[in-house]
Q: 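Have a look at the structure that comes next, please.
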Amino acid sequence: MTAATHNNSSGFWRRLTRKKQLPEYEWMIKPTQQEEWIEGPGVYLWLAFFFSEIGAGIYFVSLFSNFRAGFIIGWLMTLVLGGLIHMRYLGNPGRVLRIFAKPGTSELARGMWVILIFAVLGFFQILPALFSGLPWTGFNFMYKIIMGIICLLLIMHGFATMNVVRALPSWSSTMILPLSIISGIWVGSQFVEFFMGLAGANLAVFEMWSRVFFFVYLCFFLLYIWGTYHQSDTAHFSMQELVKGDYAQLFYVGVVVIGLAVPLLLTLIMWGQTNTFLIFVRLVFVFVGDLLLRYTLMKSAYYTPLI
Amino acid sequence: MTYKREKIWEDVWVNTTCGACYCGCGIRVRRVNGVPVKIEGLPESTMGGTNSGVCGKGAAGIMYYHDPNRIKKPLKRTNPEKGIGVDPKWKEISWEEALDEISTRMKKIMEDDPNKILFTNQTMRASDGPHNHPYFYAKAFGIEDNGCFIIGGGSLHCGNAAHMLGGLIHGAWSVAPDWRYTKYVIKWGSSKGTGSGHSAMTNARLRADAVRRGIKEVVFDPMCNFAGGKATDWIPILPGTDSAVALAMCNHILNSMGVYDELYIKAKTNFPYLIREDGTFVRDPETENPLVYDLKNKKIKNFDDESIADEDFALDGEYEYNGEKVWPCFTRLGPNLKQYTAEWAEKISTVPAETIIRIAEEWVENAQIGSTITIEGKTFPYRPVATVTFRGSQGHYNGVHQVAAIDLLNQLVGSEDVPGGTMGWPAIRRKYPGGQYERLPRVGPDGVLIPAVFYSHDPWPPHEPKVPCKNAGCVDLWSHSTLSHVPYVKEREEIWEKLGMTARPEMVFGLAVNFIISQADWQAAVDLCKDCFVVQMDIWVNETDQAVGDIILPDVSWLEKDCWSSEIDAFFFSGSPSYEDWYVHMQKPVAEPIGESRFFMDVYLDVAHRVGVLDKYNELLNNYYGIEDEDLKIKPGEKLDWKEIGERIMRWVYGPDKEKVEEQGYATWHKPIEDVYWRWYMPSRCPVYMEFLIHDRRKIEKICQDTGLELDLSQHYPLASWYTPTSYQELNDEYDLLAFSYRDVLHTNNTTFQNPYIDEASARCPYTFTITINTDLAKKKGFKDGDVIWVENRYAAREKGIVKTMQGQNHLVVGIAGQGGLWADKRPIAKGKGSNFCKILPSYLRHYDPLTGNIETSVAVKVYKAE
Amino acid sequence: MPRWGMVVDVKRCIACWSCAISCKEEHFLPPKVFWNRVLISERGKYPASRKVIYPVLCNHCSEASCVEACPTGATYQREDGIVLVDYDKCVGCRACLVACPYQQRTYYDQEKKDAEYFPGQGKTQFELLGEEIYPFQVGTVMKCNFCVERIDEGLEKGLAPGQDRDATPACVISCPVGARVFGDLDDPGSEVSQLIKVHSAKQLRPEFDTDPAVYYID
């Protein structure tokens with residue numbers, strides 16, 4: 001998509017992808033926004049990272065709850081939704097195989113290998129879920145452990161890729177990886193819980209875990225904001241932009257209210273008794289909230305000025 | 001990652017001269033497959049930057065060739081209505097039709113009075129070939145004294161006062177520090193060595209080497225940008241108040257420190273000349289020479305009496321001549337300066353008194369008065385201090401006194417045209433070895449230098465003010481005007497009437513000028529031209545063409561130009577002012593002319609032929625170059641094009657090396673060191689005591705009495721003094737800031753705005769397309785970066801722009817970099833970029849320097865947010 | 001094997017943009033793409049404020065973040081220190097672009113390919129020639145290559161980069177004030193090494209830990 005067609009898209013899309021206008025003469029003289037992975041066609045990368053990681057989160061949580069549909073949904077979301085959007089983002093998707101040929105080059109290439117392993121091992125783990133009577137089972141304990149580790153790596157993939165960018169202190173913040181892991185697990189768990197609810201399973205234990213995930217998510221989120229705020233001048237600037245600057249509205253409404261406050265309220269409402277409808281509502285909020293959290297983190301990444 | 005060499009069937013470099021500004025650096029242009037693709041400097045040449053260096057404007061030059069907006073055929077206005085915002089409804093016409101109409105109209109006007117044709121050009125080589133030719137081309141039509149030359153797009157703003165004193169003191173158009181040997185430079189509203197002014201890159205190269213040597217550079221400037229930003233010591237000042245500071249410095253040096261270069265003052269200035277009570281020189285009745293007192297013989301003698309040793313000229317004392325008490329005029333200097341204390345100057349200029357004292361003392365300390373230096377076996381006085389000024393400080397109501405006050409610093413320590421001091425551009429142009437053309441200055445009346453070449457209206461001997469004035473510029477009255485601004489004065493009709501000027505302009509014949517947006521009040525310029533038949537030669541249709549142009553002729557850009565003459569005459573402001581060999585560049589075509597465009601010199605010749613003045617013009621050419629060889633002279637009846645004329649003149653100028661010069665695209669020969677540091681080799685004196693102004697005043701007073709013209713004559717005073725500029729006078733509580741402009745290194749006039757490379761770079765510079773204002777002041781006014789504001793003068797002219805705050809700007813000023821705010825439809829890259837400063841310059845007579853007719857280039861304004 | 005590097009004397013620089021514009025011509029760069037730029041700002045408070053000018057370009061870092069970030073090996077470092085992008089291998093993920101702390105990389109997309117210097121008026125002969133003889137690939141990342149073509153071809157002809165015009169980067173030779181010097185950082189006798197030593201030239205933002213090959217005298 002060229003910027004021209006991009007500009008013709010809907011108002012919402014435009015607002016969402018609008019960049020803060022820094023005059024050309026302030027480029028790298030004032031903290032300068034990361035654009036390539038969020039502006040214009042860069043939004044595909046945001047979506048690709050999100051879906052592949054949430055997919056892995058669903059898969060991961062499904063491993064614990066033995067929820068077979070979750071394997072399939074997680075696997076498909078990671079590879080089909082995440083993968084396709086990823087391909088859409090690349091400038092030369094035809095050359096993507098080159099990445100697999102160079103696993104040692106970079107975090108990105110290593111991540112691609114993790115995806116490949118996830119795809120293959122996941123495929124064989126899913127097969128018994130689809131076709132009974134196969135001569136082996138995907139629910140072997142060791143297999144689960146291996147897949148669990150791969151899922152965690154996959155959940156971290158996007159943020160790990162971002163985390164190695166030393167030039168963007170808000171991404172290379174130490175709290176970003178823990179936040180990303182819990183985010184994948186928390187959002188994944190909500191999908192699984194909802195699907196299990198639909199399937200009529202007893203959710204009492206699951207809901208207890210959900211509360212734990214949510215609590216950790218909230219803590220890590222606050223730790224990330226607090227830690228990054230006190231990390232360096234540019235990181236400080238990034239967080240200021242997030243909580244006070246151009247993205248503050250999106251941050252408070254999208255991340256704080258939608259992603260945290262409403263889920264908290266719903267969790268409290270369901271303290272004694274789970275309700276599939278409310279779980280669905282919470283899922284929607286969590287989903288949107290986390291998507292926007294990642295969006296604002298992409299947007300509020302600033303480079304340190306050169307002079 | 002590599003060039004597809006197999007697709008390249010041509011890859012050549014052509015040596016030529018840059019045309020992006022008036023500096024004319026030597027360049028080479030790369031042409032690949034017939035397409036100009038790259039510009040570099042010529043490493044062999046001293047005319048330009050370091051090695052292959054060329055400035056950004058020059059490098060961007062290829063885009064003038066590639067611009068699809070270039071005019072390809074002559075255009076004629078079909079809408080009889082003229083004005084800003086009126087569609088001219090252009091129609092393409094043939095060259096024949098265009099030239100026929102032009103020459104028919106010209107002939108008719110000439111039958112009446114040729115002074116009714118305003119010849120004008122822009123000091124820019126995009127269109128300018130030989131610098132001097134448009135000036136004496138006009139002479140062929142019967143126009144004298146340069147008075148029909150209105151300052152065109154060269155504005156922002158040509159430096160009448162700087163040129164006048166450049167001519168009088170140095171026999172040159174302008175001054176520069178001797179970067180090679182100086183230790184201490186003071187710049188006043190000048191960016192010499194940091195990107196602007198004549199020989200900009202030559203100076204920038206020399207300055208860069210001086211900086212590596214560790215020189216100190218003090219810059220008095222309202223803003224810390226091009227000059228100030230590179231200075232070791234930036235001192236914020238208010239526009240037009242430089243002379244207050246310089247005078248206070250001189251006062252401290254002379255009256256407090258009691259220091260001056262006595263030998264220099266005695267030998268090289270007119271300060272020993274004896275004056276009577278009224279300030280005029282006492283003259284020998286026979287020779288008419290001013291007189292001096294010989295301390296040794298205790299006698300009054302002619303100033304040029306060879307029996308007086310340099311040290312024996314009296315500078316003080318009271319003498320008697322024919323029963324009249326007389327004094328060396330130097331005796332008037334100290335008392336005149338006494339009133340200018342540092343504390344007084346601080347109040348006017350905002351420069352702290354202690355800073356003024358400190359700089360004055362540093363100046364004296366670094367001047368090493370009395371020291372000498374031996375270079376190549378020749379010994380010169382060594383004064384490694386230079387103080388230079390240019391457009392910024394001289395462009396005021398008090399322009400001449402600004403320049404004179406700054407020059408006085410040089411005079412006191414004897415740092416004129418000696419190693420390390422303040423240099424003029426070469427005053428001497430020796431012959432190319434084997435060639436014939438030579439230009440040498442002469443020593444004129446009162447021992448003052450007459451420049452070898454000057455743009456008409458030579459600064460010396462002074463012209464006597466008289467009426468009736470025969471041309472629109474009224475240089476008969478403004479006799480020190482090199483290029484008159486008077487046609488833009490609001491009250492011009494009244495002035496013309498009072499001064500008996502009957503040659504009301506009926507036609508403009510312009511070379512790429514854009515005077516409507518580049519002079520002052522836009523409407524004043526529109527009114528001047530809207531009833532004229534306006535013909536322009538240019539590569540685009542600019543704002544002036546769109547508003548008032550009748551016929552626009554497509555010129556070639558310098559990349560298509562075959563011009564043998566471009567640098568030959570420009571030595572007095574081009575080339576290296578330093579001790580470096582001569583380089584004179586030609587313009588060689590890199591590509592074929594675009595469309596039907598023609599080199600303006602050929603059009604000039606064609607028009608001269610049609611009008612019937614070609615023989616006269618050719619004769620002027622023969623005389624100008626002093627051609628004595630009958631075979632080379634252009635004969636009556638001969639009709640040659642510019643290239644054919646070049647065949648003759650180049651043979652005369654370069655002799656047997658003509659072909660060699662043509663082939664390499666430049667000529668180079670040695671410049672003797674005595675021609676560089678000529679001051680003590682030339683028996684001339686600087687007219688620091690401007691006695692001629694007393695006589696001018698008397699004559700103009702009489703003219704004013706007779707005609708009813710009102711002109712402030714207080715500045716017709718012989719010693720550099722303080723006069724409050726109009727802009728400063730007009731400050732009040734409402735109009736509380738002084739707006740000023742400056743040259744951005746990326747821009748020359750307004751043509752550079754249409755270059756997409758320069759446009760891109762400008763957008764990446766914080767100050768180029770914005771209006772700058774001090775950060776604290778902005779806060780006080782409630783502005784922040786990016787706000788759109790109006791800058792409005794007290795005559796309701798206003799300009800809009802985007803705020804850029806900066807710490808490095810005086811608290812009482814607003815800065816606008818030149819000639820943006822453009823609107824010509826056929827220059828789409830330029831359109832709407834930046835802000836236009838000239839528009840807010842008021843154009844009443846009181847805003848003009850009464851000595852030179854120079855416009856006041858600062859203005860009292862108020863600023864407020866645009867709704 | 002030399003390690004090519006550059007010294008920029010910002011005291012000499014007058015911010016004329018010749019480096020940036022010459023670079024654009026040398027490489028037929030499309031509108032709004034700069035492999036060389038000039039950063040202009042100021043420091044300090046009035047009246048002691050100072051203008052600050054830094055011409056910037058790819059630093060050809062020894063520890064290049066872009067090389068570390070590239071998943072395909074398209075961005076690589078030669079033995080002489082020059083960091084290059086092999087357009088044929090670039091997948092267009094822009095990880096290098098995001099990773100570069102100096103932000104010296106540009107993603108060449110269809111929009112940049114279509115851009116015209118005179119918008120809406122078609123491409124000039126210059127732009128068309130550039131596409132023919134110095135083509136870029138849509139969907140890949142581009143940046144300053146230290147004029148590797150000039151260096152390699154110059155060396156083949158027996159010329160010395162940094163000394164001979166035709167073997168020296170375009171931005172260096174076009175600087176009108178000689179603010180840029182190019183040469184071998186590993187040769188202690190080279191002009192660049194000497195300048196770094198004598199003037200204590202510094203790398204821009206050394207805290208990024210990438211060991212740039214471009215030094216500044218300020």
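Keep in mind it's a predicted model, so treat the numbers as computed, not measured. Labels below follow one simple rule: chain letters A, B, ... track the order of the sequence lines, proteins then strands, and each chain is numbered from 1.
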Q: Tell me, out of C/Ser65, C/Cys90, C/Cys100, who's got the most heavy-atom pairs with chain A below 4.5 Å.
A: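 Winner by heavy-atom pair count: C/Cys90.
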Q: Looking at A/Met28 and C/Tyr102, what are the two nearest heavy atoms and their distance?
A: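 Heavy-atom minimum between the residues: CE-C, 4.3 Å.
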Q: Check each atom of A/Leu168 against the heavy atoms of chain C and say whether the ones under 4.5 Å are side chain, backbone, both or neither.
A: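 Contact with chain C is through the side chain of A/Leu168 alone.
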Q: Under 4.5 Å heavy-atom distance to chain A, tell me which part of C/Glu207 shows up: side chain, backbone, both or neither.
A: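 Neither the backbone nor the side chain of C/Glu207 comes within 4.5 Å of chain A.
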Q: Among C/Thr140, C/Thr210, C/Asp88, who wins on heavy-atom pairs under 4.5 Å with chain A?
A: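 Among C/Thr140, C/Thr210, C/Asp88, the one with the most close pairs to chain A is C/Asp88.
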Q: If you count heavy atoms of other groups shown closer than 6.0 angstrom to CD of C/Glu191, is the number above 12?
A: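 Counting neighbours around CD of C/Glu191, 12 or fewer heavy atoms of other residues, nucleotides or ligands fall under 6.0 Å, so no.
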Q: Can you name the nearest heavy-atom pair linking A/Ala167 to C/Pro101, along with the distance?
A: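 Heavy atoms only, the tightest pair is CB-CA, 3.2 Å.
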Q: Which atoms of A/Glu24 are under 4.5 Å from chain C, going by heavy atoms: the side chain, the backbone, both sets, or neither?
A: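 A/Glu24 touches chain C through backbone and side-chain heavy atoms alike.
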Q: Using non-hydrogen atoms and a 4.5 Å limit, figure out which bit of A/Tyr89 sits close to chain C: side chain, backbone, both or neither.
A: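 Both parts, backbone and side chain.
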Q: Start with the C-alpha distance between C/Glu68 and A/Val164, add both sets of side-chain angles, then the distance that settles side-chain contact (heavy atoms from CB on, under 4.5 Å), and finish with yes or no.
A: CA-CA 9 Å; C/Glu68 288 168 19; A/Val164 294; over 6 Å; no
Q: Once rounded to the nearest 0.5 Å, what's the spacing between atom CD of A/Glu36 and atom SG of C/Cys93?
A: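 Output value for this atom pair is 10.5 Å.
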Q: Taking atom CD of A/Gln34 and atom CG of C/Leu97, what is their separation to the nearest 0.5 Å?
A: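 These two atoms lie 9.0 Å from each other.
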Q: Atom CG of C/Leu204 and atom CG of A/Leu306: how far apart are they, to the nearest 0.5 Å?
A: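 Nearest 0.5 Å value for the CG-CG distance: 5.5 Å.
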Q: Quick check: does any side chain N or O of A/Thr105 sit under 3.5 Å from a backbone N or O of C/Cys70, one acting as donor and the other as acceptor?
A: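 Judged by distance alone, yes, a pair lies under 3.5 Å.
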Q: Which atom pair, heavy atoms only, marks the closest approach of C/Arg205 to A/Thr304?
A: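 What the structure gives for the nearest pair is CZ-CG2, 3.9 Å.
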Q: Is the positively charged end of C/Arg94 above the ring of A/Trp37, judged by distance under 6.0 angstrom from the centroid and angle within 45° of the axis?
A: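 Cation-pi check for C/Arg94 and A/Trp37: fails.
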Q: Could you look at C/Ala69 and say if it's the side chain, the backbone, both or neither that has a heavy atom under 4.5 Å from chain A?
A: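 When you check distances to chain A, only backbone atoms of C/Ala69 fall under 4.5 Å.
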Q: Could you tell me which portion of C/Val141 (side chain, backbone, both or neither) has an atom closer than 4.5 angstrom to a non-hydrogen atom of chain A?
A: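 Contact with chain A involves no heavy atom of C/Val141 at all.
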Q: Could you grab the distance from atom CD1 of A/Ile29 to atom OG of C/Ser41, nearest 0.5 Å is fine?
A: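 Taking CD1 in A/Ile29 and OG in C/Ser41, the distance rounds to 5.0 Å.
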Q: Going from CG on A/Leu97 to OG1 on C/Thr72, what distance comes out if it is rounded to the nearest 0.5 angstrom?
A: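 Those atoms lie 12.0 Å apart.
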Q: Checking heavy atoms, do the side chain of A/Trp27, its backbone, both or neither come under 4.5 Å from chain C?
A: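 Both backbone and side chain.
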Q: For A/Ile307 and C/Leu39, which heavy atoms make the closest approach, and how far apart are they?
A: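 For A/Ile307 versus C/Leu39, the nearest heavy atoms are CD1-CB, 3.8 Å.
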Q: So which residue, A/Ile99, A/Val165, A/Thr161, A/Val96, ends up with the most heavy-atom pairs under 4.5 Å with chain C?
A: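 Option with the top pair count is A/Ile99.
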Q: With a 4.5 Å cut-off on heavy-atom pairs, point out which of C/Lys89, C/Lys112, C/Arg43, C/Lys32 contacts chain A the most.
A: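 Highest number of heavy-atom pairs under 4.5 Å: C/Lys89.
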Q: For a 4.5 angstrom cut-off between non-hydrogen side-chain atoms, does C/Asp209 reach A/Arg166?
A: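 Side chain of C/Asp209 against side chain of A/Arg166, heavy atoms only: contact under 4.5 Å found.
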Q: How long is the gap from CG on A/Asn92 to OH on C/Tyr87, to the nearest 0.5 Å?
A: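 These two atoms lie 12.5 Å from each other.
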